[in-house]
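Below: one structure, written as structure tokens.
Keep in mind that what you see is a predicted model, and the values were worked out from it rather than measured.
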Amino acid sequence: KILYSGIIDVGVDSCINEIIELVERKYNVNINYETASNIFFEVASLLKNDSRYVKFPDFILKAEQVREIIYPIYAQIIGAINHLLPQTSADVMRQIINTGVIFGGVGAGIRGLSEAVYWSLQLQSMIAVDEENATLLGAGTLLDSPQLFLKLSCDA
């Protein structure tokens, strides 16, 4: 979702659940959410030539395998940006053109995300200083501004 300030929340829950399903389907091994989360943060990448891998007693999972399952999720984020850009206010659009989009959320730092956004949309991007709390801070700002909250609620 693009918050009014141009910050995009990049969550990872669906990616982690896809990793759990991949390992179960391909290797017939059940892993828990924490293990899948560790796999995501160690090897997840949108870069096509990333050679990272994670090795377990029962299987080896390569970055390429993880990329194949998470890329469609990140492609949806890029598609949402492209769809919502024409709907942003002139001020936000000016900010995005000048500084790029800002990614927040725990998935904001995935390798290759900035490159994917640039090549898809010709937009620069950066990671919020406090990416894990950026969405909460944006929501807090909305709650502090009832007029803005109402405007965004009516537009939705």
Hydrophobic clustering (ILVMFWY, side-chain heavy atoms < 4.5 Å, transitive) - are [Y] and [X] grouped together?
X: Leu85; Y: Leu113; answer: yes
X: Trp119; Y: Ile96; answer: no
X: Val117; Y: Met93; answer: yes
X: Ile81; Y: Tyr118; answer: no

Just to verify, what does Tyr27 make a side chain to side chain donor-acceptor pair (under 3.5 Å) with, not counting sequence neighbours? Gln65

In residues 66-78, what donor-acceptor pairs under 3.5 Å come from side-chain atoms, sequence neighbours left out?
residue : atom : partner : partner atom : Å
Arg67   : NE   : Glu64   : OE1          : 3.4
Arg67   : NH2  : Glu64   : OE2          : 3.1
Tyr74   : OH   : Gly107  : O            : 3.2

Please list, chain by chain and in numerical order, all residues satisfying ring pair (Phe, Tyr, Trp, His ring centres under 6.0 Å) with Phe41, sequence neighbours excluded. none

Where is the tightest heavy-atom contact between [X] and [Y], given as atom of each residue plus distance?
X: Gly112; Y: Leu47; value: CA-CD2, 3.5 Å
X: Ile127; Y: Gly109; value: CD1-CA, 3.6 Å
X: Phe56; Y: Val54; value: CE1-CG2, 3.5 Å

Looking only at atom types and distance, does a side-chain atom of Arg52 sit under 3.5 Å from a main-chain N or O of Ala44, one as donor and one as acceptor? no

Suppose the criterion is side chain to side chain donor-acceptor pair (under 3.5 Å): which pairs have a residue in residues 31-47, not counting sequence neighbours? Asp13-Tyr33, Asn32-Thr35, Ser45-Asp50

Any chance CG of Asn49 has more than 12 other-residue heavy atoms, nucleotides or ligands included, within less than 6.0 Å? no

Applying side-chain contact (heavy atoms from CB on, under 4.5 Å) to Glu115 and Leu46, what does each step give before you reach the verdict? CA-CA 9 Å; Glu115 292 87 343; Leu46 300 179; over 6 Å; no

Does anything in residues 78-96 form a salt bridge (Lys or Arg N to Asp or Glu O under 4.0 Å)? List the pairs, not counting sequence neighbours. Asp91-Arg94

What pairs of donor and acceptor atoms, side-chain ones from residues 18-26 against any protein atom, are under 3.5 angstrom apart with sequence neighbours left out?
none

